[in-house]
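Data block below; observations after.
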Amino acid sequence: MSVRYNFRENEEKWQKAWEEASLYKTTEDPPHFYVLEMLPYPSGRLHVGHARNYTIGDVLARYKHMCGYSVLHPMGWDAFGLPAENAAIQHGISPRLWTLENIQLMKQELKTLGFSYDWDREILTCSPTYYAHEQKIFLDFLKNGIAYRKESFVNWDPVEGSVLANEQVIDGKGWRSGAPIERRKLSQWFFKITDFSQQLLDDTALLDQWPEQVKTMQANWIGRSEGAFVQFPLVGKEDVIEVFTTRPDTLFGASFIGISPDHPFAEMLSQDNPTLQTFIAECRSQGTSQKEIDTAEKKGYNTNLTVQHPFLENKTLPLYIANFVVMDYGTGAIFGCPAHDPRDFDFATKYKLPILPVVKSTKEAPLPYEGEGTLYNSNFLDGLSVEDAKLKAIHKLEEKDRGTSKTIYKLRDWGVSRQRYWGCPIPIIHCPTCGVVPVPENQLPVTLPEDVTFDKPGNPLDHHPTWKYVSCPTCGEAALRETDTLDTFVDSSWYFARYCSPSSPEPISREKAESWLPVNQYIGGIEHAILHLLYSRFFTKALRQCGYWNLSEPFKNLMTQGMVCHETYKDQGGSWLYPYEVERQKDGLIKKEDGTPVYAGRSEKMSKSKCNVVPAAKMVEDYGADTTRLFLLSDSPPERDFEWTDAGIEGSWRYLNKLWRLVTSHLSDITMVNLEEIPVTFTEKAFQLRKLTHKTIERITHDIETFHLNAYIAHLREFSNAIEGFQLSEDSDRWVLCEALTILVLLASPALPHLTEALWEELGHSDFIYQASWPIPDPSLVQQDIIKLVLQVNGKMRGTLDVSPSIGEEEIKALVLETLKPHLQGHPLKKFIYIPQKVANVVI
RNA sequence: GCCCGCUUGGUGGAAUGGUAGACACAACAGACUUAAAAUCUGUCGGCCUACGGUCGUGCCAGUUCGAGUCUGGCAGCGGGCACCA
């Protein structure tokens, strides 16, 4: 028996044995437990952030299997997306081949980490066997009124002549061309997620095992607001501007009306007004992202038109076209009350508009003031609270037929059209006669052509010589295929269902899906808290509406792991550098290759686009899978972000060897032990070890159930330290040692599957440890017979007292006062606080 | 800008409102060794008059017998903001 653990030999041996035994093939017998980690984008290499995510899932999957569940633990690839097209443009490689090569590499890396995936269920979203079903779902959405077409804006790069993603717009300019980006209107496909706003909001109540922060973020995203629509007739014109407001109470403080540059009325006004056209064009030169709109300088165009105030006959308000008003929210028009809204305040200050306060705070508060208070300067609302004034203002508006109460949502419909090649084709044909015609289901899938080129700007599907030219399925006349593809978020909005029946001829086998779903434990990065998770929830409800199943929520429990972050580096030319390309010297960072200076940027979540990734493969190569897994688990709690450092991996490697030695060096001591035959008596030290053994089972079971996985590892280490210090003297000690070692190996197995598999065999077992049962603690050994009571004087710790848990309060009091005598110095007792089993506090 | 988080020794972190720093990493000292590696032992928040005391969980206030933990405010850092995934 070698003293040092040979991870290379051992890990390879057992991975092969597991595969030959099809150990991780899903079984269907109940009870079921579905463990799912968010599927990765195949960017090329597995980095430590991925490895952390999957290790967390693997611990749970193995643990649940040992607890007797049939575990579904699948893995797949979110294989469509922009990076493949960028690779095609840069290196001339086909997006498909690039993606498949990456998948092959990453799959190999995943396998070396020893995860318990059922690879028979692997999904590639870029495979026609997957996206055919997505196209069927799209057609069902269309039939059920969930998919529809409307016009909407995209980022347009006028130099490249193509649509850019938000990520490709940097400071308002195209990332490759550097040209200022325009917002351009295109006709695109949308999913009617807004029909489900209230349901999505209400059903968060069902998600009791989701982190509060995620539910809060989703609720804020859906953004239900109660308020009013208010009509402002234009003075001297027929038109009426309708605004949405959540603050009808502040109508008497209104000093202007702002409408979005994209508002139909603004477009109408601009028709014979070149100055206004220029202004609108300027507004549209902002990108489409919310952040850009919010942080851009407030700008307005005075139309010189005025509107009538709903309550005051003699009051009119100027009508501005304002860049901070968005068309997608409410009516695309607001009334500005500068005294009580910061954006309106900025705007009014800039254009010297009146700022009339109408809500008085109880305390001195600077303007703009958004809090509670009493109305003044407000005619019939004077003296009312904000809440009451809202109701009364709405009531009055309704009475005068100038407005109505209204609840609206910030959530917008989901635009799913992408003007790109590497995505799921939208199964639609545009016929000059019949209009929009769905591709008949028996002609699915609409597959992507392989012979595409990326030498021209724009969508390769659009300028493919033949692909889009088809005949109309309805009338047979010449027609055109839709050349837009689906947003890749669509692919990941239903994959969890496909895993339940990966080869079913229908998109989803209702029987299988309903037997496995909702996912018992979903694990992934907190960065997906809103979009991916909300889209998946929407899909689940939309699929129910289309009759796919009777399921309302996809993920029962959600665990959001924190991000693994790393410093970012750029060279002199501004190109991103990988950490391994950078060397740290006394006076700064240099590029290893040529010694030129390197600039360190802020620490960010690991992502391929910024090169700040640490590949997992190197660690596995140098230290093995188990050490890597142990390190990723032990260093920080899963839900917390952490800054990556290499320091500490050595410590994990040492622990692995320690475990190996601990068990193998005692094998000869315990060979004769039969764990079925419990000795009648134990020595005191053996009894203490038994108690720790069972206490450890209890703690670790709890740690895994609650995802305190760093505590899990700490408790394993504590337990090993205790076993290490245990000296054999009697025969019954051997039994206790054998029990402790066996349980140690079992408890370590979800984290360290290879090492524990070898030790399990050494301990004389012929099955795989994955097939063994998770240990159950003996309740009589877990009970505490002596409590360490903390003694305090005025809340400060002054000592401890060992007492029996059954001791009475009076008895305790006497004992405590006696023990603390030196600290009391004869002061009279004011209060005695006793929290059984915890603390006794003497207040003097 | 808006929404959501996070902040504890040199470092990662532990702590159902009840002994702050478990378990590790790094460092230092020692044992073993011809030597190295490996392994083992010890020290390891600051200050003080040091077998004791005192301060200490980003900053300021509050609630409480008692606050790292709860409440309010501030600062710094991170995530998301609808076409990165």
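Since the structure is predicted, the reported quantities are computational estimates derived from the model, not experimental observations. By convention in this document, chain letters (A, B, ...) are assigned in the order of the sequence lines, proteins followed by strands, and residues within each chain are numbered from 1.
When both distances must be under 3.5 Å, the Watson-Crick or G-U wobble mate of A35(B) does not exist. Nucleotide A75(B) forms a Watson-Crick or G-U wobble pair with U7(B), both donor-acceptor distances falling under 3.5 Å. Base pairing annotation: G1(B) forms a Watson-Crick or G-U wobble pair with C81(B), both donor-acceptor distances under 3.5 Å. For A20(B), there is no paired nucleotide, since no Watson-Crick or G-U wobble pair has both relevant distances below 3.5 Å. Within the shown strands, nothing qualifies as a pairing partner of A50(B) under the Watson-Crick or G-U definition with both distances less than 3.5 Å.
For the pair R717(A) and Y655(A), the cation-pi test (distance below 6.0 Å, angle within 45°) is passed. Annotation: cation-pi pair K192(A)/Y148(A) present, NZ/CZ under 6.0 Å from the ring centroid and within 45° of its normal. Because its NZ or CZ atom is not both nearer than 6.0 Å to the ring centre of F324(A) and within 45° of the ring axis, R343(A) does not count as a cation-pi partner of that residue.
Which of G53(B), A26(B), A22(B) sits closest to the side chain of A714(A) comes down to A22(B). Closest approach to the K291(A) side chain among A85(B), A82(B), G1(B) is made by G1(B) (side chain taken as heavy atoms from C-beta onward). When distances are taken from the side chain of R717(A) to each of U19(B), C84(B), A24(B), the shortest belongs to A24(B). Among A85(B), A82(B), C40(B), the nucleotide with an atom closest to any side-chain atom of T488(A) is A85(B). Which of C83(B), G5(B), A82(B) sits closest to the side chain of Q188(A) comes down to C83(B). In the set U19(B), C83(B), C81(B), U19(B) carries the atom at the smallest distance from any side-chain atom of M797(A).
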Atom pairs under 3.5 Å, N or O on each side, protein against nucleotides 10-14 of chain B: can you list them with distances?
residue, atom, partner, partner atom, Å
G12(B), O2', D635(A), O, 2.4
G12(B), O2', D635(A), OD2, 3.4
G13(B), O3', N710(A), ND2, 3.2
A14(B), OP1, N710(A), ND2, 3.1

Check the interface with nucleotides 61-70 of chain B: list each N/O to N/O pair with the protein under 3.5 Å, or write none.
residue, atom, partner, partner atom, Å
C65(B), O2, N841(A), ND2, 2.2

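W77(A) contributes atom CH2, which lies 5.0 Å from atom CE of M106(A) (distance to the nearest 0.5 angstrom).
Ion pairing between D157(A) and K173(A) fails under the 4.0 Å rule for side-chain N and carboxylate O. Taking the charged nitrogens against the carboxylate oxygens, E370(A) and R247(A) have no contact shorter than 4.0 Å, which rules out a salt bridge.
Using the six-membered ring where Trp is involved, H532(A) and Y522(A) have ring planes that are tilted, between 30° and 60° apart. Between W653(A) and Y5(A), the two ring planes are tilted [angle within 30° to 60°].
Atom P of nucleotide C84(B) and atom CG of D487(A) are separated by 9 Å, given to the nearest angstrom. If you measure from atom CD1 of I526(A) to atom C1' of C81(B), you get 14 Å, rounded to the nearest angstrom. As a whole-Å value, the separation of I530(A) CD1 from G79(B) C1' is 9 Å. One can place CG of L486(A) at 19 Å from P of A82(B), the figure rounded to the nearest angstrom. Taking atom CD of residue Q218(A) and atom P of nucleotide A82(B), one finds them 16 Å apart after rounding to whole Å. Remark: C1' of A26(B) and CZ of F631(A) are 12 Å apart, rounded to the nearest angstrom. Distance N86(A) CG to C84(B) P: 12 Å, rounded to the nearest Å.
Comparing the same atom, C1', in A67(B) and in A20(B) gives a spacing of 12 Å after rounding to whole Å. As rounded to the nearest Å, G9(B) and C23(B) have C1' atoms that lie 15 Å from one another. Annotation: C74(B) and U19(B) have their P atoms spaced 31 Å apart (nearest Å). Comparing the P positions of G58(B) and U7(B) gives an interatomic distance of 8 Å, to the nearest angstrom.
Look at N721(A) and you won't find any side-chain N or O under 4.0 angstrom from OP1 or OP2 of C23(B). Considering only side-chain N and O atoms, N220(A) lies nowhere under 4.0 angstrom from the phosphate OP1 or OP2 of G80(B). The shortest distance between the side-chain N/O atoms of R418(A) and the OP1/OP2 oxygens of C83(B) is below 4.0 Å. Between T216(A) and C4(B), a side-chain N or O to OP1/OP2 separation shorter than 4.0 Å is absent. Under 4.0 angstrom from either OP1 or OP2 of C25(B) there lies at least one side-chain N or O belonging to R654(A).
One can find a donor-acceptor pair under 3.5 Å joining the base of C83(B) and the side-chain atoms of Q419(A).
Shown here, G52(B) is classed anti by the O4'-C1'-N9-C4 or O4'-C1'-N1-C2 angle, which is more than 90° from 0.
Looking at heavy-atom distances under 4.0 Å, L411(A) makes contact with a base. As judged by a 4.0 angstrom heavy-atom cut-off over every strand, S417(A) is placed among the base-contacting residues.
Aromatic rings from F489(A) and W414(A) are positioned such that their centres are separated by 6.0 Å or more. In this structure, Y130(A) has its ring center closer than 6.0 angstrom to the ring center of W494(A). You'll find the ring centres of Y131(A) and F80(A) inside the 6.0 Å limit.
Within a 6.0 Å sphere centred on CG of D171(A), heavy atoms belonging to other residues, nucleotides or ligands number 12 at most.
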